[in-house]
Amino acid sequence: MVSVRNPPKIVCVIGAGPSGLVAARELKKEGHKVVVLEQNHDVGGQWLYDPRLDQDGKAIHSSIYESLRLTSPREIMGFTDFPFLMKKGRDTRRFPGHKELLLYLKDFCEWFGLREMIRFNTRVEYVGIQDYGGLGKDLRWIVKSKLKDSDHKVVAQVFDAVVVATGHYSHPRLPSIKGMDAWKRKQMHSHVYRVPEPFRDQVVVVVGNSLSGQDISMELVNVAKEIHISAKSPAVSEGLSKVISKYDNLHLHPIIECLHEDGRVVFADGSWLTADTIIYCTGYSYSFPFLDTKGAVAVDDDRVGPLYEHTFPPNLAPSLSFIGIPRKIIGFPFFESQAKWIAQLLSGKRTLPSRDEMMKSIHDLYQSREAAGIPKHNTHDVADFEYCDKYGDHVGFPHLEEWRKDLCISALINSDVNLETYRDHYDDEQLLQVAHQSPHFTQLEAEAVSL
């Protein structure tokens with residue numbers, strides 16, 4: 001629904017990762033005054049690799065390990081008007097390393113003049129409602145922040161709107177295992193993993209066989225004495241089965257039944273072993289410790305809500321919004337559609353449904369997920385091209401191109417079959433030709449390469 005344009009808003013964007021940067025770009029295009037608060041020294045969010053750990057052995061911020069490469073081809077990454085192109089003298093692989101994606105984000109930031117909006121090394125301490133006058137359009141927000149690792153006092157500023165773009169790869173999700181607290185040897189989450197060398201000649205149990213679990217297991221196979229993958233389901237991909245059959249020191253087990261103080265790890269089938277280290281590749285939880293909404297938004301078993309379309313809390317929208325909550329999507333285009341919707345709502349070009357309509361939509365979503373047997377903590381797992389297209393319809397954002405969908409599916413199938421080689425060996429040349437002939441790759445190619 002289209003409405004009358006509002007005066008420009010003063011908007012705070014929290015985070016300068018991919019979702020925060022595209023939010024800043026779209027807000028700027030709509031004429032809003034934007035301040036981006038970023039706790040690190042540069043843009044990139046999770047893609048700003050940092051090998052350091054803090055004094056407690058925890059990762060500084062990023063969950064990226066040194067050898068990480070993208071699991072999706074570069075052609076489906078990138079924003080719609082700024083393709084993720086190969087550049088001479090850089091990492092030109094279709095599945096480049098994390099450093100190349102960081103350089104892409106820096107290019108995006110420079111191309112659209114976003115850096116001047118960003119306050120680096122600034123940690124957000126508190127975000128709260130200044131005066132609750134009713135619905136979200138009447139709200140203003142107090143944001144308190146301070147320079148990171150300094151004795152500077154907390155600075156408070158009032159904003160018309162806040163966009164939370166802090167991502168969901170910083171707060172490790174750990175399982176609950178009997179004896180976990182008594183187990184005396186090394187336990188860590190993949191969030192802290194950086195390089196394989198510390199695990200040389202060790203017996204390592206990797207909990208979880210998702211992308212990070214597979215990557216880390218394959219990286220350890222030439223270093224560790226033994227790697228034992230503990231998976232929820234005995235059914236694993238053809239690719240992982242091939243890898244396990246190839247290496248004598250790589251083994252598959254069911255879930256862990258319990259841990260013993262002497263180092264024993266007992267699995268659900270009764271088998272056991274003595275391990276030196278357990279690495280939990282068990283995903284991440286949503287966490288917003290700075291946010292005070294008086295109960296209007298809460299995180300319950302990784303369900304952030306209530307959120308209309310995974311973005312807007314009905315009682316506080318559009319002055320408070322979240323970008324980057326959905327998982328299992330082609331992220332950058334989806335973040336872009338979210339950012340456009342948020343920016344146009346604040347400018348008055350669009351309006352949201354009534355609070356009751358939004359609440360009904362959320363209730364229907366929860367009911368449908370429950371009926372499908374989807375756990376609450378998977379509420380924001382989208383994995384649905386059709387939903388992404390319907391989301392874009394709210395703001396006139398173009399549907400995902402068919403070539404992008406096909407390349408995504410092709411990469412998933414290839415990784416499922418050829419886990420070790422799918423990033424470097426693929427059979428999708430016809431799809432690639434279609435991709436590189438599309439406006440996504442041709443419209444701004446010359447200008448983008450000139451950066």
Lys340 NZ/CZ over Phe397 ring centroid, <6.0 Å and within 45° of normal: no
Polar side chain donor-acceptor pair, Ser271 to Asp269, under 3.5 angstrom: yes
Nearest atoms (heavy-atom pairs only) where Ala182 meets Glu261: O-CG, 3.5 Å
No-hydrogen, no-angle side-chain donor-acceptor test under 3.5 Å, His228 and Glu226: yes
Residue pairs involving residues 409-428 (criterion ring-ring contact (aromatic ring centres under 6.0 Å, His included); sequence neighbours excluded): Phe95-Tyr422
Salt bridge (charged side-chain N to carboxylate O under 4.0 Å, His left out) pairs, two or more places apart, involving residues 283-298: Asp292-Lys294
Centroid-centroid under 6.0 Å between Phe322 and Phe288 rings: yes
For Tyr391, the option from Phe385, Trp341, Tyr308 that meets ring pair (Phe, Tyr, Trp, His ring centres under 6.0 Å): Trp341
Donor on one side chain, acceptor on other, Ser241 and Glu238, under 3.5 Å: no
Distance under 6.0 Å and angle within 45° of ring axis: Arg173 vs Tyr284: no
Validation row, ring centre Phe290 to ring centre Tyr126 under 6.0 Å: no
Non-hydrogen atoms of Ser319 and Trp141 that approach each other most closely: OG-NE1, 3.0 Å
Donor-acceptor contact present, side-chain Arg327 to main-chain Gly324, <3.5 Å: no
Shortest non-hydrogen contact from Gln46 toward Ser170: NE2-OG, 2.8 Å
Ion pair Glu30/Lys349, N-O distance below 4.0 Å: yes
Under the side-chain contact (heavy atoms from CB on, under 4.5 Å) test, residues paired with Asp384 that sit two or more places apart: Val382, Glu386, Tyr387
Whether over 12 other heavy atoms sit under 6.0 Å from Lys29 NZ: yes
Polar side chain donor-acceptor pair, Glu219 to Tyr193, under 3.5 angstrom: yes
Aromatic ring pairing Phe82/Phe108, orientation class (parallel under 30°, perpendicular over 60°, tilted between): perpendicular
Qualifying residues under side-chain contact (heavy atoms from CB on, under 4.5 Å), relative to Ser210, sequence neighbours excluded: Ser212
Results of side chain to side chain donor-acceptor pair (under 3.5 Å) for Thr379 - residues two or more places apart only: Arg303
Contact check, side chains of His168 and His380, non-hydrogen atoms, under 4.5 Å: no
Candidate pair Arg423 and Thr71, rule side-chain contact (heavy atoms from CB on, under 4.5 Å), full reasoning: CA-CA 7 Å; Arg423 291 181 177 94; Thr71 57; 3.5 Å; yes
Asp91 side chain near Lys99 side chain, heavy-atom distance below 4.5 Å: no
Short side-chain donor-acceptor distance under 3.5 Å, Ser285 and Asp302: yes
Trace of the side-chain contact (heavy atoms from CB on, under 4.5 Å) decision for Leu27 with Val13: CA-CA 10 Å; Leu27 288 162; Val13 176; 3.6 Å; yes
Any donor-acceptor N or O pair under 3.5 Å, side chains Asn222, Tyr247: no
Sidechain-backbone polar pair: Arg404 side chain, Ile76 backbone, donor-acceptor under 3.5 Å: yes
Side-chain heavy atoms of His251 within contact of Ile229, under 4.5 Å: no
Min side-chain heavy-atom separation Asp393-Asp389 under 4.5 Å: no
Lys144 atom NZ: more than 12 heavy-atom contacts under 6.0 Å: no
Centroid-centroid under 6.0 Å between Tyr169 and His191 rings: no
Within-4.5 Å side-chain heavy-atom neighbours: Leu37 and Cys12: yes
Whether over 12 other heavy atoms sit under 6.0 Å from Lys232 NZ: no
Residue pair Phe312, Leu307: steps toward the side-chain contact (heavy atoms from CB on, under 4.5 Å) verdict: CA-CA 5 Å; Phe312 303 103; Leu307 292 183; 6.0 Å; no
Could you tabulate the donor-acceptor pairs under 3.5 Å formed by side-chain atoms of residues 273-280, not counting sequence neighbours?
unit_1: Asp276; atom_1: OD2; unit_2: Val203; atom_2: N; d: 2.7
unit_1: Thr277; atom_1: OG1; unit_2: Gln202; atom_2: OE1; d: 2.6
unit_1: Tyr280; atom_1: OH; unit_2: Gln187; atom_2: OE1; d: 2.6

Enclosure of Asp301 CG (heavy-atom neighbours >12, cutoff 6.0 Å): yes
CD/Glu370: more than 12 non-hydrogen atoms of other groups inside 6.0 Å: no
Leu103 side chain reached by Trp47 side chain, heavy atoms, under 4.5 Å: no
Within-4.5 Å side-chain heavy-atom neighbours: Arg69 and Asp424: yes
Flag if over 12 foreign heavy atoms under 6.0 Å of CG, Asp427: no
